[in-house]
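Since the structure comes first, as C-alpha cells, the remarks are kept for the end.
Residue numbers start from 1 in every chain, and the chains themselves are labelled A, B, ... in the order their sequence lines are given, proteins ahead of strands.
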There are 2 protein chains.
Amino acid sequence: MSTTPTVYDVAERSGVSIATVSRVYRNPDSVRAATRERVLAAARDLGYVPSGNARGLASRSTGILGLCFPDYSDPDAEASEADEEDAAMLYSDQIIRGMERAARRHGYALLIAASLKEGSAESLVAKVAGRVDGFAVLSRTVPTEELEIISRRQPVVMLAGPREDGEHADHLDHIEVANFDGQLELTRHLIDDHGLRRLAYIGSAEESPDVEARFRGYLAACRAAGLDPAHEPGLRARMMTQAEGAHIIDALLARGGPRPEALVFANDQLAVGALHALQERGLRVPDDLVVTGFDGIPLSRLVRPALTTVRQPMLRMGEEAVELLVRRLSGGRDTEPVSLMLPVTVARRESCGCGKPENGDPGVH
Amino acid sequence: MSTTPTVYDVAERSGVSIATVSRVYRNPDSVRAATRERVLAAARDLGYVPSGNARGLASRSTGILGLCFPDYSDPDAEASEADEEDAAMLYSDQIIRGMERAARRHGYALLIAASLKEGSAESLVAKVAGRVDGFAVLSRTVPTEELEIISRRQPVVMLAGPREDGEHADHLDHIEVANFDGQLELTRHLIDDHGLRRLAYIGSAEESPDVEARFRGYLAACRAAGLDPAHEPGLRARMMTQAEGAHIIDALLARGGPRPEALVFANDQLAVGALHALQERGLRVPDDLVVTGFDGIPLSRLVRPALTTVRQPMLRMGEEAVELLVRRLSGGRDTEPVSLMLPVTVARRESCGCGKPENGDPGVH
DNA sequence: CTGAAAGCGCTAACAG
DNA sequence: CTGTTAGCGCTTTCAG
C-alpha cells in the first residue's frame with residue numbers, strides 16, 4: 001500500500017528471480033514469452049514502475065539530455081500579466097523545442113533548468129550534470145571553468161562561440177552562429193542602403209563572445225564606410241531584456257546631445273523594449289530613428305514596426321546540439337572539440353525603413 | 001582519468017569520511033568551515049560531481065518534476081522548413097514555459113518528454129515517472145488506467161478535464177479550462193452578433209473530455225438559438241494539426257452541398273490549417289466563410305485574418321500544475337483529488353468578421 | 001533461458 | 001561536528 005513495489009516484489013509474485021524481471025524490461029526477447037507475460041502481469045497488479053534512479057545508477061546512463069539556460073524572462077512582461085498575451089517565443093523556448101525534437105528522435109528525454117536570477121549557478125549545473133548523459137549550456141550560463149571539469153566526464157556542448165582570448169581554448173564543443181557576418185551585413189545595409197551615418201551600438205555588460213563578435217561586425221561595417229564609431233559600445237545594457245532596452249532609451253534621451261540616426265541593439269529583446277519606450281516618448285520609428293535587433297525571435301515580427309534584425313536558426317541550434325551530444329555519447333568520445341558555425345540571415349523589416357514587409361503572403365510566414 | 005570520482009575519492013583525498021563529503025553538499029553548515037573547504041577543494045581537483053542517480057536512489061527524491069505531452073508538431077510546418085519562421089509557440093510550449101517557471105521557483109528542474117507518434121507510450125510515462133518526484137500529463141497522452149496505477153506512488157496531475165462517463169471518476173488531480181462555457185460564448189457570438197445560422201463544428205476523432213465539452217458548448221448555443229445542428233461533430237479531424245485542418249477543407253468542398261456559413265474548429269491549429277486551405281482555394285474569410293478556433297495560441301494572432309478564438313490561460317495551467325504537484329509532495333499527499341477549472345476568454349478577431357483588431361495599441365499586445 | 005551475487009554512488013540513522 | 005553501517009532498486013557478469 002505505502003511502499004513502492006520493486007523488482008523483488010515483482011519477482012516474488014511471479015515466481016522468478018529479480019534478474020529475470022530486469023530482463024523483461026530491458027530486453028524482453030531474452031525471456032521466454034510465458035515467463036515474460038507472467039512478470040508483466042505481476043508488475044501490472046503491483047503497479048510496478050522501474051526506478052529510473054536505480055537503473056541509472058546501475059547502468060551508468062540515464063537516457064536524458066540536459067539544457068541549462070539563463071533566465072531570459074522579462075520582468076516587464078511579467079508585470080503586464082493582464083493576460084499572458086505576450087507569450088511569444090523567446091530564444092530559449094526555441095532552443096528547447098529544437099533540442100526536445102532531436103532528443104526524442106534519438107530516444108532521449110530532455111531536462112531543462114534555468115539559472116535562477118541570483119542563485120548559485122553552481123548548484124544548477126551540478127544538479128543537471130548529475131542527472132543526464134550529456135547537456136548543452138546556453139550562452140554563458142555557467143562559468144567555463146566548471147564546464148571544463150565536468151566535460152571530462154560527460155559531453156558538454158556550449159551554445160555560444162568559444163572564448164577568443166588568445167590561446168586558452170576551452171575543450172568544449174561549440175555551436176555558434178555567424179554573429180560577426182550578420183551584424184556586419186545588417187550595419188552595412190543601414191549605412192549603404194539607408195544612408196545612415198550616425199549609428200550607436202548597444203551591447204551588453206556581460207562578457208559574451210557572441211555579443212563581442214556582433215560588435216566587431218558593427219565596427220567593421222562602420223570602418224569600411226569610413227565612419228569612426230567609438231571603439232566601445234556606446235551604451236551597455238546590464239541584461240538583455242526589454243526592460244533594459246527601455247532604460248537605455250531613457251539614458252539616451254536624458255543625456256542630450258545629437259541624437260543618433262540608428263540604434264543597433266545586440267539582441268531583439270533590447271530592441272523591442274526600446275521600440276516601446278520610443279513610442280511612449282512620441283518618437284517615430286523609423287522616421288525619427290532607426291532601430292535594429294539581433295536573434296529573430298518571433299516577437300520581432302510581431303511588434304510594430306516590425307523589427308529589422310538578424311535571424312539565427314535557433315531551432316536548428318538545438319537540434320545540432322543534440323546531434324553532437326548523441327554522437328559523443330556513442331563512440332566519438334575523444335575526438336577533437338568541434339565548433340559548428342551556423343549561418344544567419346538579415347531580415348529587413350519596417351524598423352529600418354524597409355517597406356511594409358507583410359508582402360504577398362497573407363499567411364503565417 | 002577514466003573513472004568518475006565518487007564520494008570515496010573525495011573523502012580519501014580530503015581525509016574525511018564519505019558521510020562528511022555528503023554533508024558538505026547537502027547541508028554545508030553542518031560541517032566545520034575548515035573541513036568543508038578541504039572537501040570542496042578535493043572535489044574541485046578531482047572534478048567531482050554528485051551523482052543524481054545515487055542521490056535519488058538513496059533519498060527517494062529527485063528534485064525533478066515531469067511533463068508528458070503529445071507531439072503537437074505539425075508535419076506541414078516541418079516540411080516548410082525553408083526557414084524556421086513559423087516558430088510560433090504551440091500549446092505545449094506554453095505549458096512547458098509555465099511549468100518551468102513555477103518549478104524553478106520551487107527549486108525543481110523540469111523533465112519533458114513528448115509521446116512519439118507511433119511509439120509505445122508505455123515506455124514514455126514509465127521513463128518519466130521513474131525519474132521524477134511527480135509529473136503532469138497533457139491531454140490524453142497516456143491511458144488513464146496507467147496513470148491511476150502510477151498515481152498511487154507519486155503525484156500526477158492531468159492537464160485536461162476528468163472523464164465524465166458516469167461514476168467512474170479517476171483519482172487524479174485535474175486542471176481544466178472552461179471549455180463548455182468558452183465554446184458556448186463564442187458560438188453565441190457567431191449566431192447573435194453575426195447572424196450566422198448554418199454552422200459546422202469540426203471536432204477530433206480522439207476521445208477527449210475537453211473537446212467533448214467544447215462540442216457540448218457549441219450544441220448548447222445552437223439549441224438556445226433554435227438551430228438544430230447534427231448531434232455529432234459533422235467532421236472529425238484525426239489529429240489536431242494544421243495539415244488536418246486543410247484536409248477538412250478539402251473534404252468539405254469536395255462533398256458539395258450547401259456550404260456552411262461558419263466553421264467552428266475544436267482548436268487553433270486546425271483552424272489555421274483551414275484558413276490556409278481556404279485561401280488557396282480562393283475563398284475569403286470572413287466574407288465567404290467564418291472560421292473560429294480554440295486555445296488562443298500566439299499563432300492565432302499572427303495569421304491573416306487573425307483568428308477569432310477562445311483563449312486558454314496556458315502559462316497559468318503549467319504553473320498551477322506545478323503548484324499542485326508541489327503541494328502534494330509536501331504533505332497533502334492523501335487529500336481528495338482536486339479539479340481546478342480555469343476561466344477562458346473569447347478573443348473576437350477578424351476571422352469572424354469583427355473589426356481589425358490591431359486597435360489602439362501598436363505594440364506587442 | 002534463468003538464477004546468484006556483487007556492486008553502482010549516495011543518504012540516513014545512529015553512535016561517538 | 002564526524003564516522004559507521006546499512007541499504008535505496010536495479011544491472012550485470014558469471015554460472016548453471
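- Taking 4.0 angstrom as the limit, A:Thr35 places none of its side-chain polar atoms (N or O) nearer than this to OP1 or OP2 of C:dC1.
- With rounding to whole Å, A:Leu46 atom CG is found 16 Å from D:dC10 atom C1'.
- Between A:Arg104 and A:Glu100 a salt bridge is recorded (basic side-chain N to carboxylate O distance below 4.0 Å).
- C:dG9 atom P lies 21 Å from atom NZ of A:Lys127, rounded to whole Å.
- Taking atom CD of residue A:Gln154 and atom P of nucleotide C:dG9, one finds them 14 Å apart after rounding to whole Å.
- Between the side chains of B:Arg26 and B:Ser22, a donor-acceptor pair is found at a separation under 3.5 Å.
- Rounded to a whole Å, the CG atom of B:Leu57 is 13 Å from the C1' atom of D:dA6.
- Rounding to whole angstrom units, CZ of residue B:Arg60 and C1' of D:dG7 are separated by 9 Å.
- Just one of A:Val125, A:Leu111, A:Leu110, A:Ile64 meets the side-chain contact (heavy atoms from CB on, under 4.5 Å) condition when paired with A:Phe135; it is A:Val125.
- The interatomic distance linking B:Arg153 (CZ) with D:dG9 (P) rounds to 12 Å, in whole Å.
- Side-chain atoms of B:Arg152 come within 3.5 Å of backbone N or O of A:Leu46 as a donor-acceptor pair.
- For the pair A:Asp133 (side chain) and A:Gly63 (backbone), a donor-acceptor distance under 3.5 Å is present.
- Side-chain atoms of B:Thr35 and B:Arg38, non-hydrogen and from C-beta on, do get closer than 4.5 Å to each other.
- Atom pair A:Asp29:CG and C:dT2:C1' shows a separation of 16 Å (rounding to whole Å applied).
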Quiz item: With the sugar-phosphate defined as primed atoms, P, OP1 and OP2, and the base as all remaining atoms, what B/S/- string results for nucleotides 10-16 of chain C, 5' to 3', for protein heavy atoms under 4.0 Å?
Solution: BBBB---
